[in-house]
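What follows is a short report on a single structure.
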Amino acid sequence: MAEAAAANAVAGDSDAAAGDRDSADEEMDDLEAEGDDDEDAAAADEEAADEQAKFKAAFKQASADKKKKGKKAAAGSSAVEGVGTGALAAAKHAVGVDVKELITWKEGTPVPYAFLAETFETIATTSKRLEIISTLTSAFRAILAGTPGDLLPAVYLCTNRVAAAHAGIELGVGDAILIKALASATGRKESTIKGDYESSGDLGVVAASCRSAQRTLFTPAPLTIGGVLKTFKEIAKASGQSSQEKKKGLISKLLVASKGCEPGYIMRSLQAKLRIGLAEQSVLVAIAHAVLLHKEGAEDKDGKLADRLEQASQTVKTAYSECPSYDMLIPALLEHPLAELASHVHFMPGVPVKPMLAKPTTGVGEVLDKFTGCEFTCEYKYDGERVQIHVLNGGKAVHIYSRNAEDMTPRYPDILARLPAWLAPGTDSIVIDGEAVAWDPEKGKILPFQVLSTRARKEVALADVKVQVCVYAFDCLYHNGASLLHEPLTKRRELLHASLVEAPGQLAQATTKISNDVEELEALLNEAVDASTEGLIVKTLGDTYEPSRRSSHWLKLKKDYLAGVGDTFDVVPIGAFYGRGKRAGVFGAYLLAVYDDEGETYQTISKLGTGFSEEQLTALAESLRPAIIAKPRSYYKYGESGAPDVWFEPTQVWEVKAADLSISPLHQAGLGLVEPGKAYLYGERVPSGACMPRCQPIPAVASARATPLMCCRRFPRLVRVREDKGPEDATTASQVADMYRQQAVVTAEARSKAKAGDDEEM
DNA sequence: GTTGTCTGCCC
DNA sequence: ATTCTGC
DNA sequence: GCAGAATGGGCAGACAAC
């Protein structure tokens with residue numbers, strides 16, 4: 001019944017929804033109550049048990065709940081499919097809905113949070129995107145008709161944000177605080193909650209069951225959308241001493257005031273994972289549809305409503321990717337006609353555009369296939385940090401944004417200082433897309449990503465910059481007052497080259513070559529790798545910049561993508577971590593080890609959480625469960641803080657692919673196999689344990705580490721299970737050490753520096 | 001002060 | 001980052 | 001092909017605990 005109420009809340013039966021809410025609470029009383037020490041096990045009410053099953057099923061084990069889901073979906077779904085009619089199908093329900101009937105609150109008053117939570121609950125019952133969008137569209141329309149001022153906070157709650165990415169406002173809330181807050185809100189032990197989290201894989205489910213099992217002494221005032229967002233903002237604002245306590249208190253207060261399905265979504269919102277198949281792109285479409293239908297009514301008078309809906313969602317998506325700020329988007333939509341949106345919300349220096357992304361490819365052949373008949377160009381893919389540099393007033397005002405639109409300006413005082421000198425005469429304003437790469441000024445060489453990552457993140461004085469960077473520019477999005485997003489790459493690149501003056505070791509144009517020959521491309525890929533880059537980005541020359549799209553106009557070609565090429569290791573799973581969300585009930589990740597034949601130990605090398613199909617995930621969990629042991633074997637070498645939830649006997653061997661090896665503070669592969677002095681790229685361990693400077697500047701990679709060399713790997717993923725190998729046939733520690741020594745970039749650096757280090761030590 | 005844990009954000 | 005999956 | 005949801009290593013910074 002709870003579910004029916006939730007579904008009806010949006011489907012139009014608002015009275016039923018409101019009326020049933022209390023009884024729904026009661027029915028959910030024994031959700032997961034079994035085994036809880038602080039509650040009597042209520043008599044099993046069959047209906048409630050069914051509800052529980054459905055509720056859990058909606059978030060768990062897709063295979064197990066398919067039947068139920070099918071039934072639920074069938075109850076209220078349009079069966080309309082097909083690409084061309086997508087927009088209309090998505091809005092079909094929304095179109096047929098009498099919005100007035102959805103408004104469960106007094107018009108003009110704050111929208112109850114329950115309205116949004118129930119909308120989420122409805123969305124959670126389906127995986128059909130069109131249905132998700134239509135449900136959300138109806139909810140937004142109701143808000144627009146009832147209390148339009150609440151659309152903005154509702155959108156924030158749907159996208160798990162409190163402010164635009166570039167505003168630098170973070171919640172500062174993670175699982176640990178949430179568990180504490182839930183404990184304090186419900187009077188349960190943290191350990192109980194942790195246990196429930198491990199078994200259900202969802203803090204939202206844990207919160208919902210705790211709260212509904214709780215006898216409430218008085219009825220708190222209902223939460224509102226605006227109120228919840230306001231509290232989220234307060235949580236974000238809290239800083240300084242006892243700020244954690246304050247955050248905990250605020251979350252706890254929200255939980256205490258929440259009922260029904262609210263606590264679950266409060267928890268998930270704070271985790272920034274709604275996990276109902278709804279995220280930014282769908283929210284944008286729903287916004288567009290809701291605004292259109294709100295403004296011009298929901299009747300398809302001319303038979304062209306579908307076109308207009310589709311166009312509206314394109315308009316809104318474009319506006320948002322050019323200017324990713326709901327604070328700007330939503331008011332503009334409310335105040336101006338849709339047709340004028342682009343003139344109010346568009347790319348402008350000072351606000352980061354969503355960067356264009358590249359699509360992975362599996363080889364040169366695929367690249368040539370995709371680009372037959374197009375002119376294209378290859379660029380080195382530098383291994384650093386994406387930077388979008390906004391320059392105004394000839395360099396007097398500069399902002400630097402990350403790939404995810406975070407404001408990184410304080411991190412790069414060196415770029416700010418140097419920038420005016422990079423501007424060619426006549427360049428007043430420009431937006432540069434590029435990669436900031438760690439740079440060794442002595443040797444004039446690129447340094448690995450791990451070095452870059454040691455740079456300070458907060459405001460740093462120019463003189464305190466420890467790691468030099470070189471910016472490799474590869475695109476130009478804005479030039480002297482004009483957006484170039486809609487210009488072809490050829491033109492953007494011409495302007496880029498014309499507007500910047502290279503400065504050795506500080507600013508360079510990305511290396512670019514044009515070729516359409518298989519062998520030449522392969523040679524280029526090798527050159528790129530030899531030049532300390534990750535590979536190539538291949539781009540069509542005639543296409544425009546497509547913010548936020550991983551379009552096939554840019555393809556990335558990395559050595560480790562290539563089938564049969566790149567480093568694969570044969571490793572042994574010696575432990576595992578309980579899965580969360582859709583991986584609840586199986587292991588979500590595994591702890592992997594290599595075999596040290598000298599010491600007859602297993603040394604951890606990395607975790608692994610991707611590359612398996614759902615089927616495989618289930619099968620692996622089944623096959624490894626019998627191998628579970630109570631304690632790690634004495635011959636397992638692992639980092640204490642990386643201990644898994646369960647340990648295994650060494651039984652299987654998996655082939656795992658990864659990008660490269662790095663020095664790890666945690667993992668143990670190759671422990672002691674590379675001499676201490678050679679273990680560090682940029683520092684030298686001395687007997688006292690301090691990390692001595694070797695050259696200036698010195699990023700103290702691994703400075704605080706107790707052990708010489710421990711390797712781990714970037715981007716590990718499963719290739720296959722090796723049925724043909726036993727654990728002792730796994731890759732050995734010494735092989736790992738060899739591979740570490742041979743890594744192109746690192747080797748050169750490590751060898752020369754280590755040699756120098758040896759000399760000095762003597 | 002130092003150390004350890006948590007979080008966010010790079011990849 | 002990589003990968004898988006439903007639509 | 002898109003959008004969403006699983007998951008990786010590892011760094012600095014902010015706090016809390018010692």
Side-chain angles (χ1 to χ4, degrees), chain A residues 62 81-83 86 89 126-133 165 168 170-177 180 201 238-245 247 272-285 357 359-360 383-387 402-404 406 408 411 435-436 448-458 460 534 549-552 556 558 560-561 577 579-584 586-590 592 605-617 641-642 656-667 699-702 704 711-719:
Chain A
E81 307 286 350
V83 186
T126 183
S127 53
K128 293 188 167 64
R129 247 186 297 158
L130 299 180
E131 203 178 319
I132 288 171
I133 289 167
E170 311 307 331
L171 273 173
V173 168
D175 287 353
I177 278 199
K180 283 184 193 164
S239 73
Q241 206 171 8
S242 45
S243 58
Q244 304 303 294
E245 196 62 26
K247 284 177 197 248
K273 286 161 184 255
L274 241 27
R275 291 202 32 254
I276 55 176
L278 175 74
E280 194 146 271
Q281 293 309 114
S282 303
V283 173
L284 287 167
V285 177
L357 305 170
K359 191 169 282 194
D383 190 8
E385 190 169 75
R386 186 91 175 251
V387 283
S402 76
R403 181 196 135 117
N404 294 314
E406 299 283 330
M408 308 287 278
R411 191 173 174 177
E435 190 87 2
F449 176 78
Q450 207 176 3
V451 176
L452 181 72
S453 70
T454 65
R455 264 182 80 115
R457 307 243 161 110
K458 270 200 86 184
V460 182
E534 290 187 296
R549 288 198 63 207
R550 200 175 281 282
S551 83
S552 28
K556 58 177 150 178
K558 288 168 68 167
D560 64 272
Y561 293 164
F577 301 83
R580 298 183 178 171
K582 65 182 180 185
R583 294 204 180 159
V586 295
F587 297 120
Y590 290 87
L592 307 175
I605 186 163
S606 75
K607 292 208 283 174
L608 175 71
T610 191
F612 4 63
S613 65
E614 284 184 9
E615 198 185 2
Q616 209 168 13
L617 219 42
S641 61
V656 169
K657 187 171 257 202
D660 49 29
L661 288 161
S662 65
I663 297 157
S664 174
L666 183 66
H667 295 295
V701 169
C711 293
C712 68
R713 323 195 52 193
R714 264 216 291 185
F715 318 142
R717 63 263 192 192
L718 180 70
V719 177

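Order of the sequence lines sets the chain letters (A, B, ...), proteins ahead of strands, with each chain counted from 1.
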Quick check: closest heavy atoms across [X] and [Y], and the distance to 0.1 Å?
X        : Y        : result
A:Gln616 : A:Leu718 : NE2-CD2, 3.8 Å
A:Ala659 : A:Phe715 : CB-CD1, 3.7 Å
A:Gln244 : A:Ile177 : OE1-CD1, 3.1 Å
A:Tyr561 : A:Pro360 : CE1-CB, 3.7 Å
A:Gly277 : A:Ile132 : O-CD1, 3.5 Å

**Message:** For A:Glu385 and A:Arg411: C-alpha separation, side-chain torsions, deciding distance, then whether salt bridge (charged side-chain N to carboxylate O under 4.0 Å, His left out) applies.
**Reply:** CA-CA 12 Å; A:Glu385 190 169 75; A:Arg411 191 173 174 177; 2.9 Å; yes
What is the distance, rounded to the nearest whole Å, between atom [atom1] of [X] and atom [atom2] of [N]?
X        : N      : atom1 : atom2 : answer
A:Glu614 : D:dG4  : CD    : P     : 17 Å
A:Lys558 : C:dT3  : NZ    : C1'   : 13 Å
A:Ile133 : D:dA3  : CD1   : P     : 9 Å
A:Arg411 : B:dC10 : CZ    : P     : 8 Å
A:Asp175 : B:dT5  : CG    : C1'   : 13 Å
A:His667 : D:dG10 : NE2   : C1'   : 10 Å
A:Ile132 : C:dC7  : CD1   : C1'   : 10 Å
A:Leu130 : C:dC7  : CG    : C1'   : 8 Å

How would you label the contact of [X] with the nucleic acid (heavy atoms, under 4.0 Å): base, sugar-phosphate, or nothing?
X        : value
A:Ser282 : sugar-phosphate
A:Thr610 : base
A:Lys247 : nothing
A:Arg714 : sugar-phosphate
A:Lys359 : sugar-phosphate
A:Phe612 : sugar-phosphate
A:Leu718 : nothing
A:Leu617 : nothing

**Request:** May I ask you to decide whether A:Asp383 forms a salt bridge with A:Arg714, counting only side-chain N to carboxylate O separations under 4.0 Å?
**Result:** yes
Among [options], which is the nearest nucleotide to the side chain of [X]?
X        : options               : value
A:Ala589 : B:dC9, C:dC7, D:dG8   : D:dG8
A:Glu406 : D:dC2, B:dT7, B:dC9   : B:dC9
A:Arg583 : D:dA6, D:dG1, C:dT5   : D:dA6
A:Lys582 : D:dA6, B:dC11, D:dG9  : D:dA6
A:Pro665 : D:dG1, D:dG10, B:dC10 : D:dG10
A:Asp383 : B:dG8, B:dC11, C:dT5  : B:dC11

**Item:** Residue whose closest nucleotide on DNA chain B lies nearer the 5' end, A:Ser641 versus A:Met408
**Value:**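 Final value for this comparison: A:Ser641.
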Tabulated below should be each protein N or O lying under 3.5 Å from an N or O of nucleotides 15-18 of chain D; please produce it.
| from | atom 1 | to | atom 2 | distance (Å) |
| --- | --- | --- | --- | --- |
| D:dC15 | OP1 | A:Gly240 | N | 2.4 |
| D:dC15 | O5' | A:Gly240 | N | 3.4 |
| D:dC15 | O5' | A:Gly240 | O | 3.4 |
| D:dA16 | OP1 | A:Ser242 | N | 3.2 |
| D:dA16 | OP1 | A:Ser243 | N | 3.2 |
| D:dA16 | OP1 | A:Gln244 | N | 3.1 |
| D:dA16 | OP2 | A:Ser242 | N | 2.9 |

Report yes if a side-chain nitrogen or oxygen of [X] is closer than 4.0 Å to either non-bridging phosphate oxygen (OP1 or OP2) of [N]; otherwise report no.
X        : N      : value
A:Gln450 : B:dC11 : no
A:Tyr561 : C:dT2  : yes
A:Arg275 : D:dA6  : yes
A:Lys458 : D:dG13 : no
A:Ser402 : B:dC10 : yes
A:Ser453 : D:dG10 : no
A:Arg717 : C:dT3  : yes

**Item:** Upstream residue (5' side of DNA chain D) when A:Gly609 and A:Arg455 are each assigned their closest nucleotide
**Value:** A:Gly609
**Message:** For A:Ala456 and A:Gln281, find the nucleotide of DNA chain D closest to each by heavy atoms; which residue's nucleotide sits nearer the 5' end?
**Reply:**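 This one resolves to A:Gln281.
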**Prompt:** Would you say the side chain of A:Leu452 lies within less than 4.5 Å of the side chain of A:Glu435, judging by non-hydrogen atoms?
**Reply:**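 No. Closest side-chain heavy atoms not under 4.5 Å.
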**Message:** Once side-chain hydrogen bond (donor to acceptor under 3.5 Å, both in side chains) is applied, do any residues pair with A:Asp175, and if so which ones, sequence neighbours excluded?
**Reply:**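 Listed in chain order: A:Tyr197, A:Gln271, A:Arg580.
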**Message:** When you measure from the side chain of A:Gln450 to the backbone of A:Ile663, do you find a donor-acceptor pair of N or O atoms at a distance under 3.5 Å?
**Reply:**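 Flag set: sc A:Gln450 to bb A:Ile663 pair under 3.5 Å.
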